[in-house]
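One is the number of the first residue; the rest follow in order along the sequence. Side-chain atoms are counted along with the backbone in the values below, which use heavy atoms only and exclude waters and symmetry mates.
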Amino acid sequence: MGQKQRVEWIDIAKGLGITLVSFGHLSNGDGQAVWLPALGGLIAAIYLFHMPLFYFLGGLTFSRRGGFKAFLVRKAKTLLIPYYIFSLYFIAKPLAVILIPSLSNTFHSSHDYGNAGRQVFNVLIMGDGLWFLMAFFVGELLMYGLTSLFRSHHPHGGGIALRCPADCIDLHE
């Protein structure tokens with residue numbers, strides 16, 4: 001099978017989605033636009049759809065190519081490695097507190113560092129931090145399993161796949 005061409009509108013939508021996710025992070029974890037308070041309403045509106053857009057586009061471009069091992073390696077490279085690299089940001093302070101407990105008094109934060117080991121565990125194992133990358137990885141694995149199950153019983157996907165016109169995108173590779 002020949003090399004698939006990229007679908008321009010999906011690439012544009014992904015770029016827009018990434019921009020909106022970044023823009024949405026101008027608010028703090030409580031949803032307050034502390035950096036640009038005048039944009040609070042716009043940021044709240046973005047939160048209504050930016051993550052569903054991210055998952056919808058990812059599902060639309062889902063591919064099983066190369067078998068399970070190649071799929072797993074590809075997803076680990078594109079989702080897990082970035083997750084763990086960027087998670088270093090979320091565990092830097094808790095790790096510092098574990099290594100040098102007296103530092104917890106010097107951090108000017110409302111965050112409780114009393115259980116720093118649990119915080120590190122939650123980020124590295126439970127998917128806190130950039131949760132959407134870990135959730136997307138798990139979702140991709142589940143989708144691989146579901147499509148494998150349905151393909152073994154129904155060669156054309158058993159109706160679980162989104163159907164596009166033939167010139168849109170091939171979702172059944």
Side-chain angles (χ1 to χ4, degrees), residues 4-66 70-95 107 109-112 118-147 150 157 159-165 167-173:
K4 297 281 181 194
Q5 289 196 0
R6 299 187 68 91
V7 179
E8 187 175 354
W9 72 265
I10 293 176
D11 287 341
I12 291 168
K14 283 181 175 181
L16 177 63
I18 290 168
T19 301
L20 292 175
V21 168
S22 300
F23 189 76
H25 282 89
L26 291 174
S27 65
N28 65 12
D30 297 327
Q32 300 167 338
V34 294
W35 298 104
L36 299 167
L39 297 178
L42 179 60
I43 292 170
I46 289 169
Y47 264 79
L48 292 173
F49 68 91
H50 76 296
M51 293 313 294
L53 176 67
F54 177 79
Y55 284 95
F56 172 76
L57 294 170
L60 188 62
T61 58
F62 176 81
S63 172
R64 300 168 38 94
R65 75 182 142 83
F71 174 83
L72 188 61
V73 168
R74 188 171 62 252
K75 295 305 168 184
K77 285 180 181 178
T78 59
L79 296 170
L80 290 183
I81 290 174
Y83 173 81
Y84 284 111
I85 288 172
F86 287 106
S87 290
L88 295 175
Y89 169 80
F90 294 102
I91 64 170
K93 284 184 179 179
L95 278 177
F107 292 140
S109 171
S110 61
H111 195 74
D112 176 22
R118 182 76 161 143
Q119 293 168 12
V120 170
F121 174 81
N122 285 342
V123 169
L124 295 181
I125 306 301
M126 300 305 293
D128 285 4
L130 295 175
W131 62 269
F132 60 91
L133 290 176
M134 185 66 80
F136 196 74
F137 177 76
V138 170
E140 290 272 301
L141 291 179
L142 290 172
M143 190 63 180
Y144 191 95
L146 282 172
T147 57
F150 281 97
I160 77 163
L162 175 66
R163 305 284 186 199
C164 278
D167 63 340
C168 174
I169 186 170
D170 183 6
L171 298 177
H172 305 289
E173 13 181 299

Practice item. Can you see which heavy atom on Ala76 is nearest to which on Pro82, and at what distance? Key: O-CD, 4.4 Å
How many angstroms lie between [atom1] in [X] and [atom2] in [Y], if you round to the nearest 0.5 Å?
{"X": "Ile18", "Y": "Leu53", "atom1": "CD1", "atom2": "CG", "value": "10.0 Å"}
{"X": "Arg64", "Y": "Arg74", "atom1": "CZ", "atom2": "CZ", "value": "10.5 Å"}
{"X": "Ile125", "Y": "Ser87", "atom1": "CD1", "atom2": "OG", "value": "10.5 Å"}
{"X": "Ile10", "Y": "Thr61", "atom1": "CD1", "atom2": "OG1", "value": "6.5 Å"}
{"X": "Leu133", "Y": "Phe86", "atom1": "CG", "atom2": "CZ", "value": "9.0 Å"}
{"X": "Trp9", "Y": "Leu57", "atom1": "CH2", "atom2": "CG", "value": "6.5 Å"}

Of all pairs that satisfy salt bridge (Lys or Arg N to Asp or Glu O under 4.0 Å), the ones with a partner from [range], not counting sequence neighbours:
{"range": "residues 79-88", "value": "none"}
{"range": "residues 80-90", "value": "none"}
{"range": "residues 75-85", "value": "Lys75-Glu140"}

Among residues at least two apart in sequence or on other chains, which ones pass side chain to side chain contact (heavy atoms under 4.5 Å, CB included) with [X]?
{"X": "Tyr55", "result": "Met51, Trp131, Phe132, Ala135, Phe136"}
{"X": "Ile46", "result": "Leu20, Phe23, Leu42, His50"}
{"X": "Leu141", "result": "Phe68, Phe71, Leu72, Phe137"}

Check your understanding: With a 4.5 Å limit on heavy-atom distance, are the side chains of Leu80 and Met134 in contact?
Key -> yes
Exercise for review: Could you pull out all residues at least two apart from Asp11 that satisfy side-chain hydrogen bond (donor to acceptor under 3.5 Å, both in side chains)?
Suggested key: Arg6
Exercise for review: Please test Tyr83 against Leu124 for side chain to side chain contact (heavy atoms under 4.5 Å, CB included), starting from the C-alpha separation and ending with a verdict.
Suggested key: CA-CA 9 Å; Tyr83 173 81; Leu124 295 181; 5.7 Å; no
